Amino acid sequence: MKRIVTRIAATAAVVLMGTGAGLAQDTVKVGLVGEMSGPFAQFGEQFLGGLKAYQAINGTEAGGKTVEVIIKDVGGPNPDVAKRLAQELIVRDKVDVLTGFGFTPNAAAVAPIATEAKVPMVIMNAAAEGLTQASDYMVRVSFSLPSLVPPMAEWLVEQGHKKAYLIVGDYRPGHDVEKAFLEAFPAAGGEVVGNVRTPLMTVDFAPYMQKVKDTQPDAIFAFVNAGDVMASFLKAYREKGLDEDEIVMAGTGDITFEPSMPAVGDAAEGIVTSYNYSMMHDSELNKRFVEEFHKAAGADVDPSIMGVGGYDAMALIYAALEKTGGDTDGTALVEAMKGMEWESPRGPISIDPETRDIVQNIYLRKVEQVGDKFGNVEFETIEPSQQ
Ligand code: PHB
């Protein structure tokens, strides 16, 4: 019988999953460092929903061992806290694998600790360019933000939207997106007519939208963080009437984050984005994933790419354990992860054996109403060989 015990303290929550207590050597410990509370608590909710969906479908054993997950709350973009929690997980809890990491700065801060302890670190979301170079023990199942930019830059120009205003969150992933767009948009024949970096935590976008209104571009291209930030961003776009000015809203899929769509309502309709997962992706596995995710996270919480990151981190850890026959040596596990291929709810994916980064499709999507929900409807697929 499956047993789930949940203990929640102020800064840490522990979830044990397994068929019983088990002997220490029969258990594999996975330590998850996630944004479980505060303004970005949706990130942690996504990770857990995806992880539980994976275990609901695949059980709690891999390589002959019971997989136990220990969860620590980093509370937001807090690199020093992330470091302390990772250290605690390794030294005190003796975890075999680290996972989670919504924010790039948290993942980057923990990288040297993973290297030193030779503990694999499976990234569920953090999306800065080349992040896996920070440690030979880092493997990423999320995505790389700048890789999403060229297909959308080209699509905008093809549609005749040749003057664009660029808006990015002011930290490393935003700077990566900015650099990619400043290269890709002119290369496609467009012109960047304005460019602004917004504070990471801001929810007041009115002044930025006013600037855009004064400039009257054909389109906005944006990356701001998923969650409350993105919801405020879209509301400001409508409130300033930029849609009425026929200024197209485009960006990375972070601006049409599924769990926040109910809060945004029809303000998101028509937005075009490039991303690696849509809840509306048409596959049998995705249907099953969405069903299990809703059971785990609640019927009113829709899965995003972060939920899929939670699912695929577990898929990779399980597959590596199967390959090592349950050997939890960190170097053996990372070696086993290199080159791994599997089907994700987003489509086929693999881990590049050289970079330890993910290889996957990019989808162009448009927000449309489907049934009683607004969602990201895929209209073009860019396969890895076309990227
Ligand atoms: C990141 O810090 O890498 C990050 C955070 C939130 C997102 C995307 C990327 O929505």
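Owing to the predicted nature of the structure, the values given are computational and were not obtained by experimental measurement.
Side-chain N/O atoms of H294 and D302 include a donor and acceptor closer than 3.5 Å. For E35 and N106, the side-chain atoms include at least one donor-acceptor pair closer than 3.5 Å. For the residue pair D254 / T252, a side-chain donor-acceptor distance below 3.5 Å is found, with atom types taken as modelled. Under the 3.5 Å distance criterion, with hydrogens and angles disregarded, a donor-acceptor pair is assigned to the side chains of Q55 and Y318. Residues S344 and D312 have side chains that bring a donor and an acceptor to within less than 3.5 angstrom of each other. H175 and D170 are linked by a side-chain donor-acceptor pair at a separation below 3.5 angstrom, with hydrogens and angles left out of the test. With 3.5 Å as the limit, one finds no donor-acceptor pair spanning the side chains of E378 and S278. Between the side chains of T256 and N376, at least one donor N or O sits under 3.5 Å from an acceptor N or O. Checking D73 against S37 by side-chain atom types alone, a donor-acceptor pair falls below 3.5 Å.
Scanning both residues, D176 and E129, for their nearest heavy atoms gives OD2-N, 2.6 Å. Nearest heavy atoms, V308 versus R346: CG1-NE, 3.6 Å. Listed here is the closest heavy atom pair of T104 and R172: CG2-CD, 4.1 Å. Closest approach of T324 to A336, counting heavy atoms only: CG2-CB, 4.0 Å. Across all non-hydrogen atoms, the minimal contact from Y277 to R365 is O-NH1, 2.8 Å. Nearest heavy atom pair, residue A114 against residue S135, reads CB-OG, 4.3 Å.
Rounding to the nearest 0.5 Å gives a distance of 9.5 Å between OG1 of T132 and CD1 of I351. With rounding to the nearest 0.5 Å, the separation of CG in N125 from CZ in F143 is 5.0 Å. Atoms CG and CG, on L89 and D96 in that order, are 11.5 Å from each other to the nearest 0.5 Å. Atom-to-atom distance recorded for N361:CG and Q386:CD is 8.5 Å, nearest 0.5 angstrom. Rounded to the nearest 0.5 Å, atoms CE (M209) and NZ (K240) are 10.0 Å apart. For the atom pair N286 CG and E343 CD, the distance stands at 9.5 Å (nearest 0.5 Å).
For the ring pair (Phe, Tyr, Trp, His ring centres under 6.0 Å) test, residues two or more places apart in sequence or in another chain that qualify with F43 are F40, F103. Here K179 pairs with E183 under the side-chain contact (heavy atoms from CB on, under 4.5 Å) rule; sequence neighbours left out.
Taking hydrophobic clusters as Ile, Leu, Val, Met, Phe, Trp and Tyr residues chained together by side-chain heavy-atom distances below 4.5 Å, I305 does not share a cluster with Y363. Hydrophobic clustering places Y171 together with V177 (ILVMFWY residues linked when any side-chain heavy atoms are closer than 4.5 Å, directly or through intermediates). With hydrophobic clusters built from ILVMFWY side chains whose heavy atoms lie under 4.5 angstrom apart, I167 does not share a cluster with V203. Each of M280 and L148 belongs to its own hydrophobic cluster when Ile, Leu, Val, Met, Phe, Trp and Tyr are linked at side-chain heavy-atom distances under 4.5 angstrom.
Other residues, nucleotides and ligands contribute at most 12 non-hydrogen atoms within 6.0 Å of the CD atom of Q133. Within a 6.0 Å radius of NZ in K162, no more than 12 heavy atoms belonging to other residues, nucleotides or ligands are found. The number of heavy atoms from other shown groups lying within 6.0 Å of NZ (K338) is above 12. Residue E116 qualifies as open at atom CD: its count of foreign heavy atoms under 6.0 Å is 12 or below. Remark: K83 NZ is loosely packed, at most 12 non-hydrogen atoms of other residues, nucleotides or ligands lying under 6.0 Å away. Within 6.0 Å of the CD atom in E246, the count of heavy atoms belonging to other residues, nucleotides or ligands does not exceed 12.
Counting heavy atoms from C-beta on, the side chains of Y311 and F47 never come closer than 4.5 Å. At least one side-chain heavy atom of M306 sits less than 4.5 Å from a side-chain heavy atom of F257. With contacts defined as side-chain heavy-atom distances shorter than 4.5 Å, the pair E178/L182 qualifies. In this structure, D136 and R356 have side chains that are in contact, with non-hydrogen atoms separated by less than 4.5 Å. Contact check for L48 versus I71: side-chain heavy atoms found under the 4.5 Å cut-off. Using a 4.5 Å heavy-atom threshold, the side chains of T198 and V224 count as touching. Within the 4.5 Å cutoff, side-chain heavy atoms of R84 are placed close to those of V81. Within the 4.5 Å cutoff, the side chain of K366 has no heavy atoms near those of the V377 side chain.
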Could you walk me through whether F221 and Y165 pass the ring pair (Phe, Tyr, Trp, His ring centres under 6.0 Å) test, one step at a time? CA-CA 6 Å; F221 184 90; Y165 201 104; over 10 Å; no
Walk me through it: do R140 and D357 pass the test salt bridge (charged side-chain N to carboxylate O under 4.0 Å, His left out)? CA-CA 5 Å; R140 179 155 69 175; D357 213 342; 2.9 Å; yes
Would D243 and R238 count as a salt bridge (charged side-chain N to carboxylate O under 4.0 Å, His left out) if you check the C-alpha gap in whole Å, the side-chain angles of each, and the deciding distance to 0.1 Å? CA-CA 6 Å; D243 52 331; R238 295 289 177 196; 2.8 Å; yes
Please determine whether side chain to side chain contact (heavy atoms under 4.5 Å, CB included) holds for the pair M152 and F181, giving the CA-CA distance in whole Å, both sets of side-chain angles, and the decisive distance to 0.1 Å. CA-CA 9 Å; M152 183 51 74; F181 193 78; over 6 Å; no
List the steps and the verdict of salt bridge (charged side-chain N to carboxylate O under 4.0 Å, His left out) for R92 and E88. CA-CA 5 Å; R92 212 172 57 199; E88 274 174 28; 3.7 Å; yes
Would you check, one step at a time, whether the test side chain to side chain contact (heavy atoms under 4.5 Å, CB included) holds for L242 with V212? CA-CA 8 Å; L242 297 187; V212 176; 4.0 Å; yes
Test L234 against I271 for side chain to side chain contact (heavy atoms under 4.5 Å, CB included), laying out the working first. CA-CA 10 Å; L234 295 187; I271 293 175; 3.4 Å; yes
Kindly determine whether T331 and Y137 satisfy side-chain hydrogen bond (donor to acceptor under 3.5 Å, both in side chains), including the steps that lead there. CA-CA 8 Å; T331 309; Y137 286 81; 2.8 Å; yes
Please lay out, stage by stage, how K287 and E291 fare under the test salt bridge (charged side-chain N to carboxylate O under 4.0 Å, His left out). CA-CA 6 Å; K287 280 195 194 85; E291 192 183 309; over 6 Å; no
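Using a cutoff of 4.0 Å between basic side-chain nitrogens and carboxylate oxygens, D245 and K213 are scored as salt-bridged. In summary, R288 and E292 engage in a salt bridge, as defined by a charged side-chain N under 4.0 Å from a carboxylate O.
Looking at K163, its side chain never comes within 3.5 Å of a backbone N or O of E191 through a donor-acceptor pair.
With V290 as the partner, the side chain to side chain contact (heavy atoms under 4.5 Å, CB included) test is satisfied by one option alone out of K295, H281, E258, M279: M279.
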